[in-house]
Amino acid sequence: MQAWRVHRNGEPSEVMELEETDRPTPGEGQVLLKVLAANINFPDALLCRGQYQVRPPLPFTPGVEICGETEDGRRVLATPALPDGGFAEYVVADEAALLPVPDALDDAEAAALHIGYQTGWFGLHRRAHLQAGETLLVHAAAGGVGSAAVQLGKAAGATVIGVVGGPEKAAIARRLGCDLVIDRRSEDIVTAVKEATGGRGADVVYDPVGGDAYAKSVKCIAFEGRVVVVGFASGTIPAPGLNHALVKNYSIVGLHWGLYNTKDPAAVRACHDELTKLAAQGDVKPLVSERLPMADAARGVQRVADGTSTGRIVVLPAGGTR
């Protein structure tokens, strides 16, 4: 079968190589899946660079989430077992962790539903306890992680303010349903949020960026607001001033969704049931900006690494368009 392999760490476009290799062999409790679609995530870029919290042995295949097909023809969502990730024609995955694909989504959309939307749901509901009528501020609102948070925030009845970089991404954020879009390149985030909220600030901040995004967020956070730390796409990990959190009465909460797979798998399945209902109602629908053939996977991962992509880029190993 064909698979993208990484033999040394570096930039994805430089270290990912498309090779012929053997199909992985399922171990106990695992199943072999045909990959219908593999979604590109920022962690795939970090894996290539050797900067992710998990460092699989070299060589490895990146690709942390897929829509796959079982031997009996069922469409399922899976997180393949590294070092044999999803940018391949076949993967193995733990059978107990497979989730059924919502009928409302095609293969590419389904591949983008799992990690990003689960992260958004747990971040907004389990960690931040977002309530209807509150104001949600989402950084990188036109990106893969941010676009999921925008849709989930609107589904929860929140007023959603999206922060983006540039007019193209601003247009996408508006189409996603943001009530207000702030272009960080031409507008001051703090001033715009305070004006939009009558000086109160944002009740919940969803931050997959870190760096300056975090610094601006805590300057416009509401009384008893919650900042959900999801990641550091900017490359800069903030150093929170806890004295500032104390005097302004806000909370800083972390969200590492992967922990729920081991510590509370029942909650992951319950979340998937909720996401399936939201997809059936049309309240969530992954924004797939590009559907790439297998040969272009490295280019797609590099675009995500560079922060130039919008929505989700999905690889279709079989060359299909579903």
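- Judged by distance alone, the side chains of Glu19 and Gln2 never bring a donor and an acceptor atom under 3.5 Å apart.
- Of the N and O atoms on the side chains of Gln118 and Tyr260, not one donor lies less than 3.5 Å from an acceptor on the other residue.
- Met294 and Tyr90 fall into different hydrophobic clusters, where Ile, Leu, Val, Met, Phe, Trp and Tyr residues are linked whenever their side-chain heavy atoms come under 4.5 Å apart, directly or through other members.
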Could you check Val164 against Val181 for side chain to side chain contact (heavy atoms under 4.5 Å, CB included), going step by step and ending with a plain yes or no?
-> CA-CA 7 Å; Val164 299; Val181 177; 3.8 Å; yes
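- In this structure the side chain of Cys220 reaches within 4.5 angstrom of the side chain of Leu137, judged on heavy atoms.
- We find that Lys219 and Asp188 are not joined by a salt bridge, their nearest charged nitrogen and carboxylate oxygen being 4.0 Å or further apart.
- Salt-bridge formation is detected for the pair Glu109/Lys285: a Lys NZ or Arg NE/NH1/NH2 atom is positioned less than 4.0 Å from an Asp or Glu carboxylate oxygen.
- Between Glu134 and Arg226, the shortest heavy-atom distance links the atoms OE1-NH2, 2.8 Å.
- Between Ile313 and Gly300, the closest heavy-atom pair is CD1-O, 4.0 Å.
- Interatomic distance, NZ of Lys154 versus CG of Leu176, reported as 11.5 Å (0.5 Å rounding).
- Under the ring-ring contact (aromatic ring centres under 6.0 Å, His included) criterion, His7 pairs with no residue, sequence neighbours left out.
- Panel note: side chain Thr61, backbone Trp4; a donor-acceptor pair is recorded below 3.5 Å.
- The two residues Val314 and Ala108 make their nearest non-hydrogen contact at CG2-O, 3.7 Å.
- Two residues are said to be in side-chain contact when any heavy atoms from C-beta on lie closer than 4.5 Å; Pro83 and Pro59 fail this criterion.
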Quick one: do Val204 and Thr135 satisfy side chain to side chain contact (heavy atoms under 4.5 Å, CB included)? Show the steps, please.
-> CA-CA 6 Å; Val204 175; Thr135 297; over 6 Å; no
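- Remark: Phe60 engages no residue in a ring-ring contact (aromatic ring centres under 6.0 Å, His included) (not counting sequence neighbours).
- A donor-acceptor pair under 3.5 Å is absent between the side-chain atoms of Asp94 and the main chain of Ala96, judged by distance alone.
- Under 4.0 Å is where a charged nitrogen must lie from a carboxylate oxygen, and between Asp283 and Lys277 no such pair does.
- Between Asp72 and Arg74 there is a salt bridge, since a side-chain N of the basic residue sits under 4.0 Å from a carboxylate O of the acidic one.
- Distance check: Leu82 CG to Tyr52 OH gives 9.0 Å after rounding to the nearest 0.5 Å.
- Hydrophobic clustering places Leu292 together with Leu18 (ILVMFWY residues linked when any side-chain heavy atoms are closer than 4.5 Å, directly or through intermediates).
- Checked against Asn9 for a side-chain hydrogen bond (donor to acceptor under 3.5 Å, both in side chains), the options Gln51, Arg55, Arg49 give a single hit: Arg55.
- Note that CG of Asp306 and OG of Ser13 are 7.5 Å apart. Values are rounded to the nearest 0.5 Å.
- Side-chain N or O atoms of Glu274 include none that pairs as donor or acceptor with a backbone N or O of Cys271 at under 3.5 Å.
- Hydrophobic clustering (ILVMFWY, side-chain heavy atoms < 4.5 Å, transitive): Ile66 and Val145 are in distinct clusters.
- Separation of atoms CG (Leu36) and CG (Leu316) is listed at 9.0 Å; rounding is to 0.5 Å.
- The main-chain N or O of Pro102 is never found under 3.5 Å from a side-chain atom of Thr276 such that the two would form a donor-acceptor pair.
- Of all heavy-atom pairs spanning Ile189 and Val163, the tightest one is CD1-CG1, 3.8 Å.
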Report the C-alpha separation of Trp121 and His272 in whole Å, then their side-chain angles, then the decisive distance to 0.1 Å, and conclude whether the ring-ring contact (aromatic ring centres under 6.0 Å, His included) test is met.
-> CA-CA 9 Å; Trp121 195 93; His272 183 68; over 10 Å; no
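- A side-chain donor-acceptor contact under 3.5 Å links Asp44 to the backbone of Asn41.
- Tyr117 and Val160 end up in the same hydrophobic cluster when Ile, Leu, Val, Met, Phe, Trp and Tyr side chains are linked at under 4.5 Å.
- Using a 4.5 Å cut-off on side-chain heavy atoms (C-beta onward), Val31 and Val92 make no contact.
- At least one donor-acceptor pair closer than 3.5 Å links the side chain of Arg127 to the backbone N or O of Gly254.
- Within the 4.5 Å cutoff, the side chain of Phe42 has no heavy atoms near those of the Pro208 side chain.
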With side-chain hydrogen bond (donor to acceptor under 3.5 Å, both in side chains) as the test, would you mind laying out the steps for Glu95 and Gln30 before giving the verdict?
-> CA-CA 5 Å; Glu95 186 170 17; Gln30 295 182 321; over 6 Å; no
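- If you check the side chains of His114 and Thr79, you find no donor sitting under 3.5 Å from an acceptor.
- The 12-atom threshold is not exceeded at CD of Glu71, counting heavy atoms of other residues, nucleotides or ligands nearer than 6.0 Å.
- Criterion: ILVMFWY side-chain heavy atoms under 4.5 Å apart, direct or through other members. Under it, Leu98 and Val64 are not part of a common hydrophobic cluster.
- Annotation for Ala141 and Cys178: closest pair CB-SG, 4.4 Å, computed over non-hydrogen atoms.
- Glu168 places no side-chain N or O within donor-acceptor distance of the main-chain N or O of Gly166, the cut-off being under 3.5 Å.
- Checked for salt-bridge contact, Asp264 and Arg126 meet the test: a charged N lies under 4.0 Å from a carboxylate O.
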Could you walk me through whether Ile40 and Arg312 pass side chain to side chain contact (heavy atoms under 4.5 Å, CB included), step by step?
-> CA-CA 7 Å; Ile40 298 176; Arg312 291 295 191 181; over 6 Å; no
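- Formation of a donor-acceptor pair under 3.5 Å by the Ser234 side chain with backbone atoms of Val209 is found in this model.
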Verdict with supporting geometry, Leu47 and Val6, side chain to side chain contact (heavy atoms under 4.5 Å, CB included) = CA-CA 9 Å; Leu47 282 165; Val6 174; over 6 Å; no
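- One finds a salt bridge joining Asp212 and Lys216 here, because a Lys/Arg side-chain nitrogen approaches an Asp/Glu carboxylate oxygen to under 4.0 Å.
- Atom CG in Leu77 sits 8.0 Å away from atom CD in Glu65 (nearest 0.5 Å).
- Smallest separation of non-hydrogen atoms from Leu180 and Ala192: CD2-O, 4.3 Å.
- To the nearest 0.5 Å, the span separating CD1 on Ile221 from OG1 on Thr197 amounts to 10.0 Å.
- Looking at heavy atoms from C-beta onward, Ile237 lies out of side-chain contact with Tyr214 at the 4.5 angstrom threshold.
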Donor-acceptor pairs are to be reported for all side-chain atoms of residues 242-249 against protein atoms at under 3.5 Å, with residues two or more places apart or in another chain.
unit_1 : atom_1 : unit_2 : atom_2 : d
His244 : ND1    : Tyr250 : OH     : 2.8
Lys248 : NZ     : Val218 : O      : 3.2

